[in-house]
Amino acid sequence: MQAKPQLLGLPSYKPGKPIDEVKRELGLSKVIKLASNENPYGSSKKASEAIQSIAFDTAIYPDGYAATIREKIAAKIGVNENQLVFGNGSDEVIQFLCRAFLTPDTNTITADPTFSQYKLNATIEGAEVREVPSVDGVHDLEAMLEAIDENTRIIWVCNPNNPSGTYVNEDAFVDFLERVPEHVLVVSDEAYYEYVTANDYPETVPLLEKFDNLIILRTFSKAYGLAALRIGYGIANPQLISTLDPVRPPFNNTTFAHAAAVAALEDEGFIADCVEKNTKSLKQFEDFCDKYNLKYYPSQTNFILIDFKRSGDEVFNYLLKKGFIIRSGEALGFPTCARITVGTDEENKELFSVLEEMLTAHPVEQ
Ligand SMILES: *Cc1c(COP(=O)(O)O)cnc(C)c1O
């Protein structure tokens, strides 16, 4: 047998450690997971009620057209129904894009560090991946533009960026779009869209009218708290959507994901409440960092990247023993940092006190 040569040596995705595994390994009764940017407040009650009400409807295939959720989202964001494509999480839309646009004689451009799935999927298609170093966690759009050539097919803007939490503002993004040649597709991955509070964050949906080479990715996995159900979507012009559609497996969302997403969209209060709490908590993280002389990356998301001026693995292991799962920056391109998901007030307070212990025993050098 012979698999594609580009698969040789490809790592599989390393998710945040599962809670049960950590409990078992370390004999802990309580473990708090702040590793995967999940919503610490769960999801809207309306979403779980919606699933419960159809819990036994398992024999029939889901609606492959996703009609109900499609109609709902189109109305909410003000686009036509033929401007949407649904994925099994927005991860799957990333996969569609790479399958549809990338071949071994093309290249794609990402920031570095950024979300790992762009590179992984592009590599599987055999495309060259041009990784352009970020400046202080922020995409260097000028350098990304310079990396474009006639073989470039996709350029990825993760906004806000995972793992840094930083963002590209509206002026910078529009200027960038105006300068990207028409043969290059621009992906604006907005997984944390709902959490953003910056006034100059780009509102990208209206930009679709002007830029045919733009696709926006959104998801129900983060603020909506439906990560377990796997549903995300892409928004673009109808022609681009119909290019992608044959790549999509016919029943790629479950009936439960559709029902929960529809119900979740009806509960705007839940999102507003989560965002308000997240914004307050982020401020507490920033204050904590200031107090202990730690550099952090200003975040527009529900996570924060903090420079502990020591190996990220060391921070990870210290916190793990105390019952907290976070992400070490080592595998994320920020070796002396840790990426921590903002938890509930109580979780954050417990985390701060453990971090305080660590920093008191081993202070940051001035
Ligand atoms: C979490 C995340 C995604 C993927 O989310 P899905 O669960 O697949 O919808 C996509 N992009 C970024 C930047 C993310 O952080």
Side-chain angles (χ1 to χ4, degrees), residues 12-16 33-40 42-43 47 66 69 73 84-99 108 110-122 131 134 137-139 154-168 173 186-196 201-202 204 215-235 244 248-249 252-254 256-258 260-261 264-265 271 274 278 297 299-305 326-327 329 331-334 339-342:
S12 49
Y13 182 73
K14 301 229 169 20
K33 185 175 174 226
L34 301 173
S36 304
N37 310 335
E38 292 140 335
N39 187 335
S43 63
I69 184 67
I73 291 173
L84 299 170
V85 61
F86 289 86
N88 195 262
S90 52
D91 268 342
E92 199 189 27
V93 185
I94 294 169
Q95 191 184 327
F96 300 161
L97 290 166
C98 292
R99 283 195 76 179
T108 186
T110 72
D112 181 29
T114 193
F115 190 52
S116 58
Q117 295 304 296
Y118 317 139
K119 181 179 182 178
L120 177 80
N121 283 290
E131 298 175 271
S134 294
V138 184
H139 287 33
I154 308 180
I155 191 160
W156 306 85
V157 180
C158 187
N159 202 17
N161 187 44
N162 182 0
S164 57
T166 55
Y167 74 107
V168 165
F173 188 63
V186 177
V187 182
S188 180
D189 182 349
E190 303 178 359
Y192 301 92
Y193 173 81
E194 294 77 12
Y195 284 116
V196 173
Y201 176 77
T204 46
I215 186 163
I216 302 157
L217 307 186
R218 303 249 174 101
T219 181
F220 284 93
S221 298
K222 304 287 160 63
Y224 284 97
L226 300 178
L229 294 173
R230 316 302 304 125
I231 178 166
Y233 56 100
I235 319 162
L244 293 176
R248 184 182 64 83
N252 62 324
N253 291 139
T254 65
F256 307 104
H258 289 157
L265 280 180
I271 297 292
C274 292
N278 183 68
Y297 292 78
S299 173
Q300 290 292 321
T301 65
N302 67 334
F303 62 83
I304 185 165
L305 185 69
I326 55 137
R327 282 302 291 268
L332 301 174
F334 292 93
R339 192 195 68 191
I340 304 175
T341 302
V342 174

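These figures come from a predicted structure and were not determined experimentally. In each ligand, atom 1 is the first atom listed, and ligand 1 is the first ligand listed.
The closest protein non-hydrogen atom to atom 7 (O) of ligand 1 is Ser221 OG, 2.5 Å. Nearest to atom 11 (N) of ligand 1 among the protein's heavy atoms is Asp189 OD2, 2.7 Å. The protein heavy-atom contact nearest to atom 14 (C) of ligand 1 is Lys222 NZ, 3.0 Å.
Contact annotation: Cys158 has at least one heavy atom less than 4.0 Å from an atom of ligand 1. Using a 4.0 Å heavy-atom cutoff, Gln117 is absent from the residues neighbouring ligand 1. Residue contacts with ligand 1 do not include Asn37, since none of its heavy atoms lies under 4.0 Å from the ligand. Remark: distances from the non-hydrogen atoms of Ser90 to ligand 1 include one below 4.0 Å. Ligand 1 has Tyr192 within reach: a non-hydrogen atom of the residue lies less than 4.0 Å from it.
When each atom of ligand 1 is checked for a heavy atom of Arg230 under 4.0 Å away, the hits are 6 (P), 7 (O), 8 (O). Which parts of ligand 1 touch Gly89 is read off a 4.0 Å heavy-atom cut-off, strictly below it: atoms 6 (P), 8 (O), 9 (O).
Aromatic ring orientation, Tyr118 versus Phe115: perpendicular (interplanar angle above 60°, classes split at 30° and 60°). Using cut-offs of 30° and 60° for the angle between ring planes, the His258 and Phe86 rings count as perpendicular.
For the pair Arg339 and Phe303, the distance from NZ or CZ to the six-membered ring centre is under 6.0 Å and the angle to the ring normal is within 45 degrees.
Using modelled atom types, one finds no donor on one side chain facing an acceptor on the other under 3.5 Å when comparing Tyr297 with Asn161.
In this structure the side chain of Glu190 never reaches within 4.5 angstrom of the side chain of Ser90, judged on heavy atoms. A 4.5 Å side-chain heavy-atom check between Thr301 and Asn162 finds every atom pair outside the cut-off.
Heavy atoms of other residues, nucleotides or ligands lying less than 6.0 angstrom from CZ of Phe334 number more than 12.
Of the polar atoms of Asn88, none of the N or O atoms is found under 3.5 Å from an N or O of ligand 1, judged by distance alone. For ligand 1, the polar-atom distance check against Tyr118 finds no nitrogen or oxygen pair separated by under 3.5 Å.
A donor-acceptor distance shorter than 3.5 angstrom exists from the side chain of Asn253 to the backbone of Gly87, with no hydrogens or angles considered.
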